[in-house]
There are 2 protein chains.
Amino acid sequence: MADTRQRLIDGAIDTIRAHGLTGATARGIAATAGVNQALVFYHFGSVNELLKAACLAATRARVEPFAERLDEVTDLRQLLALGRTLHAEERDRGNVMVLAQLLSGAQTDPDLAEATSASLQLWITPIERALSRLLASSPVAELIDTAGLARAVSAGFIGLELYEGVDADGAKAALDALDRLGVLIEVVDDLGPVAVRALRGKLRRTAKNLR
Amino acid sequence: MADTRQRLIDGAIDTIRAHGLTGATARGIAATAGVNQALVFYHFGSVNELLKAACLAATRARVEPFAERLDEVTDLRQLLALGRTLHAEERDRGNVMVLAQLLSGAQTDPDLAEATSASLQLWITPIERALSRLLASSPVAELIDTAGLARAVSAGFIGLELYEGVDADGAKAALDALDRLGVLIEVVDDLGPVAVRALRGKLRRTAKNLR
DNA sequence: GTCTATAACGCGATAGAC
DNA sequence: GTCTATCGCGTTATAGAC
């Protein structure tokens, strides 16, 4: 069957989610998928190749519906709320955890690093698009680097997902705090030209400290 | 010798940094430490126990000098700059990476989760203390949850460290974007009572959405 | 406290029958 | 395309000499 490939990919995702990257062995994945262990190597050549395919598949499956909802967001508060919804859904689905596990493994595996970076980029692209759209009409638009901010948001979210795995209460408190911080941004957004000019001046003065 | 314990802990830290959590085996750690493999089990009982001890040691070694510098910070821009300095230093030392690796492994290991959560708390505590001090004189002090924010900052920093391992340029862009965002907070901080009242009203309106 | 030797097992990967 | 069987190796952990 041609769907043995798919069963192995799904099995890899489920195994990583349940037992982490260290538990994602050819035998373990094959058992979860309900297929023979040798088929991992027939279809993917090596365990690493299967993991890379699974990481991209898990991320794509999650980013695509997320990107649609992202396009419907009209302000920053909604954007934060969507992030929070995503986090709640991920507690059950756990596809971001697959990415987090491989991101961790990628630190000492250049081969894995390439696939992981590409998966992360799948998140970054629609988030950057949404940020650019939401900030386009804002007076602070030109002062914010949406490309960098999208990367910070994506990477930070991965960190929060990992933190949630060891301290659920702490992660909740962290998300609440970010909600409040989001309000600050909106207030700046509504300030008018005088404060924006002050902001611009402040940024220019600190710009030389950025490299 | 009594310092065989210490050599094993240092060996564990170096091994995790160089080869990740999957490469941190009893044989590999002992080789790095220059001692016999059986001593891992004599001194720590199991590899996991050694890893837990190493995680706490690596974090403590990094947090203590950091906490001192943290106490000298007088505004948010300096706080961000210190975070950036820390990040630059960590590229060489890599102690945060040890924590990141174990945080990843802790997702499917409750025993590891406890030690990892405790290590992360070592970061959170001085950061929360600094945030409380810096925001105490600010008009937005009561509107910001410093406890949650310290957790978000710490977890987010771990995520950025992991991201840096697979996309150094992207991580740099992310940090630059956060620098700019820091200026926004300062501007709000300097607004005066009128804007603060607007902020307070906005927060009250959105407070019911927070749970 | 440190060493050698080894037990018991799981791992990635392959050969070859079907 | 799928299976069984297996090789060679690395793993945790322990037993026992020193």
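Quick note on labels: first sequence line is chain A, next is B, and so on, each numbered from 1.
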[atom1] of [X] versus [atom2] of [N]: gap in Å, rounded?
{"X": "Arg5(B)", "N": "dT2(C)", "atom1": "CZ", "atom2": "P", "value": "12 Å"}
{"X": "Glu49(B)", "N": "dA13(D)", "atom1": "CD", "atom2": "P", "value": "10 Å"}
{"X": "Phe44(B)", "N": "dT14(D)", "atom1": "CZ", "atom2": "C1'", "value": "18 Å"}
{"X": "Leu50(B)", "N": "dA13(D)", "atom1": "CG", "atom2": "P", "value": "11 Å"}

Notebook entry, point to check: In a check of side chain to side chain donor-acceptor pair (under 3.5 Å) between Thr15(B) and each of Asp10(B), Thr25(B), Thr32(B), which one passes?
Noted result: Thr32(B)
Check: Cation over ring, Arg5(B) on Phe44(B), under 6.0 Å and within 45°?
Finding: yes
Item checked: Short side-chain N/O contact to dG1(D) OP1/OP2 from Thr4(A), under 4.0 Å -> no
Next item on the list: Supply the atom-to-atom distance Leu131(A) CG to Ile144(A) CD1, rounded to the nearest 0.5 angstrom.
Entry: 8.5 Å
Notebook entry, point to check: Once you round to the nearest 0.5 Å, how far does CD1 of Ile16(A) lie from NE2 of His19(A)?
Noted result: 12.0 Å
Note to self: Determine whether the aromatic ring centres of residues Trp123(A) and Phe66(A) are separated by less than 6.0 angstrom.
What the structure shows: yes
Notebook entry, point to check: Base, backbone or nothing for each nucleotide of nucleotides 3-16 of chain C, written B, S, -, heavy atoms under 4.0 angstrom, 5' to 3'?
Noted result: BB------BBBB--
Check: Do Glu89(B) and Thr85(B) meet the criterion of a side-chain donor-acceptor pair at a distance under 3.5 Å?
Finding: no
Next item on the list: Sort and list the pairs that fulfil salt bridge (charged side-chain N to carboxylate O under 4.0 Å, His left out) and have at least one residue in residues 105-124 of chain A, not counting sequence neighbours.
Entry: Lys52(A)-Asp111(A)
Checklist line | Among Leu102(B), Asn95(B), Ile13(B), side-chain contact (heavy atoms from CB on, under 4.5 Å) partner for Cys55(B) | finding: Leu102(B)
Note to self: For DNA chain C, which residues of residues 103-116 of chain B approach it to below 4.0 angstrom with any heavy atom?
What the structure shows: none
